[in-house]
Amino acid sequence: MLNQRKPVEQMTEAEAAEELAFLAAELSRHDMLYHGKDDPEISDADYDALKRRNDLIEERFPALIREDSPSQKVGAAPSLTFAPVVHARPMLSLDNSFSDEDARAFVAGIYRFLGRLPDGSIAFTVEPKIDGLSMSLRYENRRLVTAATRGDGTTGENVTANVRTIGMIPQRLPAEAPDVVEIRGEIYMAKSDFAALNAEMAAQGRPLYVNPRNTASGSLRQLDAKVTASRRLRFFAYAWGEMSAMPADTQLGMVETFKAWGFPVNPLMQRFFSADELLEHYHHIERERPELDYDIDGVVYKVDQLDLQARLGFRSRSPRWATAHKFPAERAFTRLKGIDIQVGRTGALTPVARLEPITVGGVVVTNATLHNEDYIRGIGNTGEPIREGRDIRIGDMVIVQRAGDVIPQIVDVVMDERPEGTEPYRFPTSCPICGSHAVRDINEKTGKVDAVRRCTGGFVCRAQAVEHLKHFVSRNAFDIEGLGSKQIEFFFESEDETLRIRTAPDIFTLERRQESSLTKLENIDGFGKVSVRKLYEAINARRSIGLHRFIYALGIRHVGETTAKLLARSYGTYEHFGAAMTEAGGFSGDAWNELNSIDGIGEVVARAIVEFYKEPRNLKVLSDLLEEVTPERAEMPVATDSPVAGKTVVFTGSLEKMTRDEAKAKAESLGAKVAGSVSKKTDIVVAGPGAGSKLDKARELGLQTMDEDEWLALIGG
Ligand code: IVH
């Protein structure tokens, strides 16, 4: 894509300036896709070529070096360029439904949660799911004060200056609007505007943009608001954050109010009462899709009544009262050029298909997952044949499927087009990185052979160690700005002892080791004085860290973010957690039982954590790490003024005023922990009719017990 461009030697200064501006924006966009979204659009080679061109131009025109030039940063993270904004209410994502059955199950689940018969009495709204970027617009005293991207849901980026250039977004609200209003919705680029922009790019011989979504995102993240202004971005309002007063009591009523206040809202939004009607409107929107001037990737169903939404509440990342029903994935044919084996953090060997590049649903795909060795052989997870037993071979014509933000996968092969002389793929039985044996474990519970082959090298395996470090510094773990994949690999490989990072504690000793070193990081290609200082600042900023991030960063198998948060909330401090995990080492006794009684932690997870704490090497890394880093006390539950905040509650017997799920969700929203079994650590046992052994045990232990009415009186609901 670069060879159509003018050779650097022939460039005028003006052309060079323009090109540098373009490269800065383009490279920062790719950095964001790579680091922020894990969804690169271009190959590493193409990325490097862009970077080289940037260097060449800068070499010829040093006066033109920009502050935001990729040569000036380490692992450029565009998020640094915009100030952070903590959302007054978190910006959540949506649960997905992929079929008509999923959608019906969503409706049925709502009735079940609320303990109502599925009699068609609950209203739902249906609206398109816009494929753009979510945005939160905050108005105070009817003036737009802040526009922020979603970010990680808690903290976004302040893009107010850029958003002010979007003509469709009101700067002022009418007099009847309340004092604090947060409008949420989607910024997008119209398909027609995207086509016009690309026509312009083509006329100038410049590379084309890939799709409207990424272009909208890139346009919004410009440091120069004039660039954003030239891109004609648009907006649909569909949700809200903080509101000092509620202007309506239904979803539809809220959106109609937004429309009256001057916000664009989607004309296809409608309200229905039955799953059949929801699906009918879904299929209607699906048929309209090609005619719409904006990309959509499904529809969203929401419970219309806001009081019911409040009762339904939230799961960790998404509301229980809404779901996104996605359109079926798009597919395309292409040739399988090769199969690479990637080794992950837990040693899993994952086969990755290298493809002849192909556009699937507007995005160029060059890699796709092949899941595991059985999948390649035509065998499914339960041992039955898939694809009628057809195996996948290098050289095959394959069908690639891409669904929204899911990693593309190979779903089938075209046997008629299989070239002669191909052979079944031979999956390696040793790790391609460290050479250790790679084995398929036998599941203790089911006695079945695991589909995943794993490297047995553990700490010896470079790939596992490097992936561990990448996980440790990743966004939801330590989130160390300036330590991206490339930097981790560089530090890991370094021969110099004052530069080498092999385990997490090494990150925190780097600056000290560098002080007396002759090999200064700032003199190394790709790092400069400023970026090194920023790197140390970013590292030091994490010497104190949230307990859940700390636990998540350890990379214990099966411990994702949600589990880490549960653990942090349950144990409160690291000392407490670490001691309990060590004590649970025998897989029995109080500490073990307590771990297992945490609602949401099953035996497989509990075992994985305790096993982690039995491995001496892990303990060494942990104690070194704790010399450098202090995990904070876990954030106390949201509603500290509730009498049940911080208490451990067990529900037993049948409840009559609400369902078990609703009771649990409500208790958690008030800051209580809900456990599945009674122990010394239990504070309150709520017993309904039919309560048996749990109630007996509670009495035996002398715990506080109460019935449902007493509980409701206690929580004031
Ligand atoms: S409602 C609390 N409605 O989809 C739920 N989201 O996958 C708030 N999106 O982050 C979201 N169109 O950016 C909602 N009509 C729509 C939407 C929509 C697109 C995006 C939004 C959200 C993502 C979740």
Side-chain angles (χ1 to χ4, degrees), residues 36-37 39 87-98 102-103 106 110 124-137 147-157 159 163 182-190 211-214 216-217 220 233-243 250-252 254-256 258-259 263-272 278 281-282 284-286 288-289 292-306 308-327 403-406 665 669:
K37 298 230 163 70
D39 182 21
H87 299 300
R89 301 258 188 292
M91 288 182 82
L92 300 162
S93 48
L94 291 168
D95 216 37
N96 289 325
S97 300
F98 293 103
D102 285 356
F106 164 73
I110 298 286
F124 293 85
T125 57
V126 182
E127 65 199 282
K129 182 168 188 299
I130 316 298
D131 196 8
L133 295 95
S134 45
M135 183 58 49
S136 186
L137 306 170
T149 62
R150 178 168 183 278
D152 64 3
T154 309
T155 310
E157 295 163 322
V159 289
V163 166
E182 271 183 24
I183 301 285
R184 292 184 175 169
E186 205 85 353
I187 298 227
Y188 66 97
M189 181 178 268
N211 62 36
R213 205 203 89 87
N214 291 348
S217 155
L220 200 69
L233 297 179
R234 299 170 194 245
F235 183 72
F236 278 127
Y238 53 66
W240 58 94
E242 187 181 349
M243 299 288 270
T250 61
Q251 185 75 31
L252 194 62
M254 289 297 283
V255 171
E256 278 167 353
F258 297 162
K259 185 174 179 194
F263 292 93
V265 301
N266 194 284
L268 290 166
M269 180 176 185
Q270 279 199 51
R271 171 162 57 192
F272 300 101
L278 299 192
H281 198 49
Y282 165 89
H284 168 72
I285 293 176
E286 190 181 24
E288 290 288 307
R289 185 182 184 192
L292 301 175
D293 196 19
Y294 45 87
D295 281 331
I296 63 176
D297 56 357
V299 306
V300 185
Y301 306 132
K302 298 174 187 168
V303 169
D304 189 44
Q305 259 176 259
L306 303 188
L308 294 184
Q309 288 190 2
R311 280 182 60 192
L312 286 153
F314 300 90
R315 292 182 212 89
S316 65
R317 253 172 281 190
S318 57
R320 221 175 257 117
W321 43 264
T323 187
H325 187 172
K326 295 294 195 74
F327 293 132
D405 32 23
V406 183
S669 76

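Both counts, for ligands and for their atoms, begin at 1 and track the order of listing. When reading the values below, keep in mind they use all heavy atoms of this one structure, side chains included, and skip hydrogens, waters and symmetry mates.
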Any N/O of W321 closer than 3.5 Å to an N/O of ligand 1?
no

Any N or O of P128 that comes nearer than 3.5 Å to an N or O of ligand 1?
yes

Can you list the atoms of ligand 1 that are under 4.0 Å from a heavy atom of L94?
5 (C), 6 (N), 7 (O), 14 (C), 24 (C)

Using a 4.0 Å cutoff against the non-hydrogen atoms of L92, which atoms of ligand 1 qualify?
10 (O)

Distance to 0.1 Å, residue and atom name: give those for the protein heavy atom nearest to atom 2 (C) of ligand 1.
P319 CG, 3.6 Å

Starting at [atom1] of [X], measure out to [atom2] of [Y] and round the result to the nearest 0.5 Å.
X    : Y    : atom1 : atom2 : value
R234 : D293 : CZ    : CG    : 6.0 Å
T149 : L133 : OG1   : CG    : 8.0 Å
R317 : D152 : CZ    : CG    : 10.5 Å

Using every non-hydrogen atom in the two residues, find where S97 and T323 come nearest and quote the distance to one decimal.
OG-OG1, 2.9 Å

Please name the pair of heavy atoms, one in A237 and one in V255, separated by the smallest distance, quoted to 0.1 Å.
O-CG1, 4.4 Å

Quick one: does ligand 1 sit under 4.0 Å from the side chain of A324, the backbone, both or neither, non-hydrogen atoms only?
neither

Considering [options], which one's heavy-atom position lies nearest to [atom]?
atom                    : options                : value
atom 23 (C) of ligand 1 : K129, M91, E127        : K129
atom 12 (N) of ligand 1 : V126, T149, I130, N96  : I130
atom 11 (C) of ligand 1 : F314, Y188, Y238, F236 : Y238

Touching ligand 1 at all, [X]? Heavy atoms, strictly under 4.0 Å?
X    : result
K302 : yes
S318 : no
A322 : no

Should the ring pair Y282 and H325 be called parallel, tilted or perpendicular, given that the plane angle runs from 0 to 90° and is split at 30 and 60?
parallel

So F236 and Y188, would you call those rings parallel, tilted or perpendicular, with 30° and 60° as cut-offs?
parallel

Of E127, K302, E186, K129, the one forming a side-chain hydrogen bond (donor to acceptor under 3.5 Å, both in side chains) with Y238 is E186

